Amino acid sequence: MNQRYQHKEIEEKWQKIWDRQKLFKVTEDPTKKKYYLLEMFPYPSGKIHMGHVRNYSIGDVVARYKKMKGFNVLHPMAWDAFGMPAENAAIEHGVHPAKWTYENIDYMRNQLKRMGFSYDWDREFATCDVSYYQWEQLFFLKMYEKGLAYKRRSFVNWCEICKTVLANEQVMSDGTCWRGHADDSGVTQKELDQWFFKITEYAEELLEWCEKLPGWPERVLTMQRNWIGKSIGAEIHFPLENSKEVIKVFTTRQDTVFGATFMSLAPEHPLALSLSKGTAQEQSVREFVERMRRQDKIKRTAETAEKEGIFTGGYCLNPLTQARMPIFVANFVLMEYGTGAVMAVPTHDQRDFEFAKKFGLPLIVVVQTEDLTLDANTMAEAYEGEGFLVNSGQFNGMDSVRAREKIAQYLEEKGLGGSRISYRLRDWGISRQRYWGAPIPIIYCDRCGTVSVPEKDLPVVLPSHVEITGTGQSPLTGLKEFVETRCPQCNGPAQRETDTMDTFVESSWYFDRFACPDYDKGPLEKKRVDYWMPVDQYIGGIEHAILHLLYSRFFTRVLKEMGWVSVSEPFTNLLTQGMVCKEVYECPKDGYLFPDEVTLQGEKLHCQKCDSQISIGRLEKMSKSKKNVVDPEYLIEKYGADTARMFCLFASPPEKDLDWSDQGVEGSARFLNRVWRLIYEQHHHLLNIRPLPFGVVLAGDQKALRQKTHRTIKKVTEDIERFHLNTAISAIMELVNEIYVSALKDSTDERSRKVIREAMEMVVVLLSPFVPHFAEELWEALGFQESIMKTQWPDYDPDAILEDEILIVIQINGRLRDRMTIPVSYGEEEVKVWALKSERIQKLVEGKEIKRVILVPKKLVNIVC
RNA sequence: GCCGAAGUGGUGGAAUUGGUAGACACGCCAUCUUGAGGGGGUGGUGGGUAAUCCCCGUGGGGGUUCAAAUCCCCCCUUCGGCACCA
């Protein structure tokens with residue numbers, strides 16, 4: 001054993017050994033209990049970042065722990081390898097996306113190996129490989145057959161910087177692209193033919209199952225529920241005047257239908273233009289609609305935006321009152337929610353109220369309460385609450401909640417609509433006008449129309465010779481040999497679809513593929529997938545709370561229906577780890593600065609470029625643009641992978657944000673050195689010593705240290721189980737501190753040696769999931785031949801953790817006044833008596849009447865007086 | 001506006017079937033070791049105070065209780081999600 005802890009040497013040594021022994025390779029073994037631990041796989045952007053280090057360190061602790069616990073642990077890693085950065089690199093530097101991607105993968109694989117994560121590397125794959133995405137094309141065809149994939153012309157979110165379409169989930173609430181460009185000009189609307197996956201068909205199931213995922217963080221489920229956005233209401237048909245056509249609306253307040261005095265349509269609604277045709281309004285309506293369509297959707301639909309609208313010239317009839325209702329086009333009505341048409345009840349909806357006031361439209365109160373008496377002539381705002389119905393024909397006097405039910409029933413009976421449920425969730429637009437993605441297996445024939453590529457002709461391989469220019473059109477469109485093909489039905493000339501699939505399609509089933517990455521007769525080998533799925537523990541960033549996690553849940557249901565998987569939900573337990581943050585320096589003139597561009601002058605920080613004074617910004621997520629990143633590579637070089645892992649795990653609990661601290665890293669390194677020195681000093685005298693068996697009776701220092709050792713085993717085990725990794729490490733630190741001050745260290749007594757030996761062994765074993773190379777090396781120094789990973793996770797001796805004396809706190813009126821140590825065997829009365837005997841207590845209660853004495857066994861005595 | 005999470009020393013954070021607030025670590029202080037520096041060992045470190053007495057103290061205010069960081073009510077702040085969703 002080396003006197004000094006040489007991290008580089010040790011880490012290289014053990015990584016080689018693990019590799020050679022294939023220590024983390026797993027196969028399906030029905031005799032063993034499986035445990036599938038998965039971390040979100042990375043996009044191969046070039047280098048790993050601290051977020052990866054943290055995410056994968058957390059996962060690795062659990063994977064190694066479960067393995068030592070005897071589980072058959074699947075812990076795989078792969079690459080989410082399709083996507084735009086590869087294509088952008090091609091545009092900027094002329095390097096082919098495939099070359100760029102595979103080189104990045106090689107580099108990052110090497111970095112992950114240097115971190116010592118316990119992956120079964122034999123299961124690695126890259127999603128940009130045809131052996132992976134070919135199966136996605138098969139899924140697409142099956143979904144197309146079932147109507148779950150379809151094409152429609154629609155308004156889509158278009159990011160001018162990415163030059164592609166975004167799904168609704170990929171547009172942030174401030175109207176920017178989820179990729180977060182430095183110069184974010186916002187996402188605009190564009191009308192395009194697009195492929196969609198019918199996720200809306202699963203809205204109810206996905207929502208219902210939110211209740212059946214107790215292993216998920218509540219906030220993720222809440223976000224998903226919000227996103228699905230279920231509303232219970234009714235559809236009502238309003239006949240157009242002088243026409244057989246009806247306008248269908250969705251409302252959650254069908255109880256107010258008697259108060260509907262006009263109609264509002266979305267600018268995109270087909271009737272908006274047709275109703276005004278040939279009327280005096282035709283021109284102005286057209287102008288209004290055009291203007292709205294051009295306007296930024298986010299701005300148009302912001303709550304603060306002014307209500308704008310225009311009369312179409314058309315009328316419809318309120319089906320319950322036969323009142324004549326003018327039809328307007330209004331900026332706040334959204335085509336993609338409900339039916340794109342809203343019955344306007346100005347008395348009981350604030351938006352309609354404002355709109356009616358602006359256009360001088362009639363108000364009819366239809367809901368009243370006992371307390372307020374609403375008057376249409378004087379009311380200053382809409383009343384949106386519940387009450388009883390008035391001016392509502394046969395429904396008068398009925399409670400508004402009950403009226404909703406009755407009116408829906410009535411509508412149903414009369415064929416005027418009926419109960420409906422509406423969701424906010426839209427279908428998932430998967431078309432991307434990009435090269436670096438999985439081609440959609442569709443052919444367009446002039447004669448036969450849209451034809452799917454026959455299964456036997458799969459895969460549609462992404463051509464490698466292509467010119468990438470970044471014009472906004474898929475580079476595939478200009479590629480004759482790709483586009484021009486024969487129709488599989490009539491053999492006539494035809495063209496291939498040039499859109500590729502959203503990269504979230506790849507990440508929606510990669511976790512299934514890990515069960516059988518080498519399988520080539522189909523996408524998934526049922527037997528193996530059934531053995532491993534579902535994922536027992538999934539770990540990743542909160543930023544995927546909706547996107548990836550919702551898509552994956554949807555995809556799992558689809559694959560289940562197709563018979564490829566047996567589970568409905570892919571992830572049993574989910575841990576969303578916090579971000580890695582560091583303070584930012586921002587100069588008023590020069591923007592964000594690197595830490596070495598800042599100098600300390602007295603108490604104040606100054607910019608080296610312009611000498612302006614700089615305030616230390618708040619902690620922000622590490623990002624290149626904010627110049628506050630720490631490169632893991634540097635950490636591995638200087639401190640080693642184990643120290644880097646140690647810091648990430650110790651500095652904060654997994655689900656919270658981690659604040660970067662250089663001093664904290666030093667502290668972690670110091671702790672490992674401290675453990676190293678301890679074992680270095682002792683290991684010669686411990687070599688042939690074996691720990692005492694369970695149940696042995698000790699006394700004094702021996703008993704004390706053995707007790708601490710076994711309590712630490714208990715604590716660390718429980719803490720890992722509940723992901724309190726920071727406190728698990730604290731517990732080990734405490735044990736180390738105790739060994740340092742223990743008199744047993746210098747004793748030559750055989751029993752003392754055994755107790756010390758056990759304490760040391762346990763420090764190393766308990767540390768092994770956290771700092772595996774370090775632990776392996778010390779384990780070897782303690783005389784073990786085999787990898788520490790082959791050791792059983794230790795149990796604690798229940799006898800060893802028992803006390804025979806305990807500390808009892810004595811309170812007077814709930815305030816701490818004294819402490820006493822008493823034998824554990826004392827009965828309740830005995831404890832009370834002893835507490836009252838205390839000198840200090842005697843003094844304090846002197847002359848007072850003791851009203852009550854409360855005893856909490858093994859904890860405290862509280863004297864009330 | 002609605003929903004959710006959080007607020008504890010100089011700092012990161014412990015402790016919630018109500019029962020010693022501040023484990024562990026960073027920083028700081030003292031002391032020992034070393035020729036010095038670094039490193040290391042030991043001890044101390046919430047605030048007030050000469051104090052091992054006592055008082056105050058878990059965002060603020062009230063309450064329940066023998067006892068509240070923990071439970072209840074009101075309020076404040078921060079972060080995240082949703083939001084003209086009919």
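Just so it is clear, the model here is predicted, and its values are computed rather than measured. Side chains included, hydrogens not; waters and symmetry mates left out as well; all remaining heavy atoms used. So that the names make sense, note that chain A is the first sequence line, chain B the second, and so on, each numbered from 1.
Nearer to the 5' terminus of RNA chain B, by closest-nucleotide assignment, is the contact made by A:Lys715 (compared with the other of A:Lys715 and A:Tyr337). Nearer the 5' end of RNA chain B, as judged by each residue's closest nucleotide, is the contact made by A:Arg424, out of A:Thr252 and A:Arg424.
To the nearest angstrom, C1' of B:A86 lies 13 Å from CZ of A:Arg404. The distance between atom CD of A:Glu218 and atom C1' of B:C3, rounded to the nearest whole Å, is 11 Å. Atom CZ of A:Arg219 and atom P of B:A5 are 10 Å apart (whole Å). In this structure, A:Glu681 places its CD atom 13 Å from P of B:G40, rounding to the nearest Å. The interatomic distance linking A:Arg840 (CZ) with B:C53 (C1') rounds to 8 Å, in whole Å. The CG-P distance, from A:Asp659 to B:G10, rounds to 17 Å in whole Å. B:U78 atom P lies 17 Å from atom CG of A:Asp657, rounded to whole Å.
Here B:A23 is the nucleotide among B:A23, B:U42, B:U20 with the atom lying nearest to any side-chain atom of A:Glu734. Listed candidates were B:G12, B:A25, B:C3. Nearest to the side chain of A:Met733 is B:A25. For A:Val809, taking side-chain heavy atoms from C-beta onward, the closest of the listed nucleotides B:U42, B:U20, B:C66 is B:U20.
For the P atom pair drawn from B:A67 and B:A50, the interatomic distance equals 32 Å after rounding to whole Å. If you take atom C1' in B:G10 and the same atom in B:C3, they sit 36 Å apart, rounded to whole Å. Straight-line distance between the P atoms of B:C32 and B:G38: roughly 16 Å, to the nearest whole Å. On the P atoms, B:A21 is 13 Å away from B:G57, given to the nearest whole Å. Rounded to a whole angstrom, the distance from the P atom of B:U45 to that of B:G22 is 11 Å. Of the P atoms belonging to B:G13 and B:A6, the separation is 14 Å, rounded to the nearest Å. Across the C1' atoms, B:G60 and B:C85 are found 37 Å apart, a figure rounded to whole Å. Taking atom C1' in both B:A69 and B:G18, one finds a spacing of 11 Å when rounded to whole Å.
At a threshold of 4.0 angstrom between heavy atoms, the contacts of A:Arg4 with the nucleic acid are absent. A:Leu807 comes within contact range of at least one nucleobase, with a heavy-atom separation under 4.0 Å. At a threshold of 4.0 angstrom between heavy atoms, the contacts of A:Arg420 with the nucleic acid are absent. Nucleic acid contact class of A:Lys656 (heavy atoms, under 4.0 Å, all strands): sugar-phosphate only. Residue contacts for A:Phe650: at a heavy-atom cut-off of 4.0 Å it reaches a base atom on one of the strands shown. A:Gln811 comes within 4.0 angstrom of a base, heavy atoms only. Across all strands shown, A:Asp352 has no heavy atoms under 4.0 Å from either base or sugar-phosphate atoms. Within the 4.0 angstrom heavy-atom criterion, only backbone atoms of the sugar-phosphate kind lie near A:Thr251; the bases stay farther away. Contact annotation for A:Val342: base contact, defined as any heavy-atom pair under 4.0 Å involving a base atom. Backbone-only engagement by A:Pro653 is indicated by non-hydrogen atom pairs under 4.0 Å involving sugar-phosphate atoms exclusively. Residue-level contact check: A:Gln663 touches the backbone only, with heavy atoms under 4.0 Å from sugar-phosphate atoms and none from bases. Residue contacts shown for A:Asn726 are limited to sugar-phosphate atoms, with no base heavy atom under 4.0 Å away. Using a 4.0 Å heavy-atom distance criterion, A:Arg722 is classed as a sugar-phosphate-only contact.
Of the possible polar contacts, none joining the A:Arg225 side chain to the A:Leu207 backbone as a donor-acceptor pair under 3.5 Å is found.
Residue A:His724 has no polar side-chain atom (N or O) positioned under 4.0 Å from OP1 or OP2 of B:G13. For A:Arg253, no side-chain nitrogen or oxygen approaches OP1 or OP2 of B:A86 to under 4.0 Å. Under 4.0 angstrom from either OP1 or OP2 of B:C85 there lies at least one side-chain N or O belonging to A:Arg351. Within the structure, every side-chain polar atom (N or O) of A:Asn226 is placed at least 4.0 Å from both OP1 and OP2 of B:G80. For B:G40, the OP1/OP2 oxygens have no side-chain nitrogen or oxygen of A:Asn673 closer than 4.0 Å. The side chain of A:Arg674 contributes an N or O atom lying less than 4.0 Å from OP1 or OP2 of B:G41. Between B:A86 and A:Ser231, a contact under 4.0 Å exists linking OP1 or OP2 to a side-chain N or O.
A salt bridge between A:Lys858 and A:Glu803 is absent, with no side-chain N of the basic residue lying under 4.0 Å from a carboxylate O of the acidic one.
For A:Phe328 and A:Phe355, the ring centers are positioned less than 6.0 Å apart. When ring centroids are compared, A:Tyr5 and A:Phe774 come within the 6.0 Å threshold. A distance of 6.0 Å or more separates the ring centres of A:Phe770 and A:Phe650.
No hydrogens or angles were tested; on distance alone, a donor-acceptor pair under 3.5 Å links the side chain of A:Lys307 to the base of B:C84. For A:Arg815 and B:A67, a side-chain-to-base donor-acceptor distance below 3.5 Å is absent, hydrogens and geometry of angles not being considered.
B:C2 is paired with B:G81 under the Watson-Crick or G-U wobble criterion, all donor-acceptor distances under 3.5 Å. Applying the Watson-Crick and G-U wobble criteria (two distances, each under 3.5 Å), B:A30 pairs with B:U42.
Scanning all heavy atoms of the two residues, the minimum distance from A:Val763 to A:Val675 falls at CG1-CG1, 4.0 Å.
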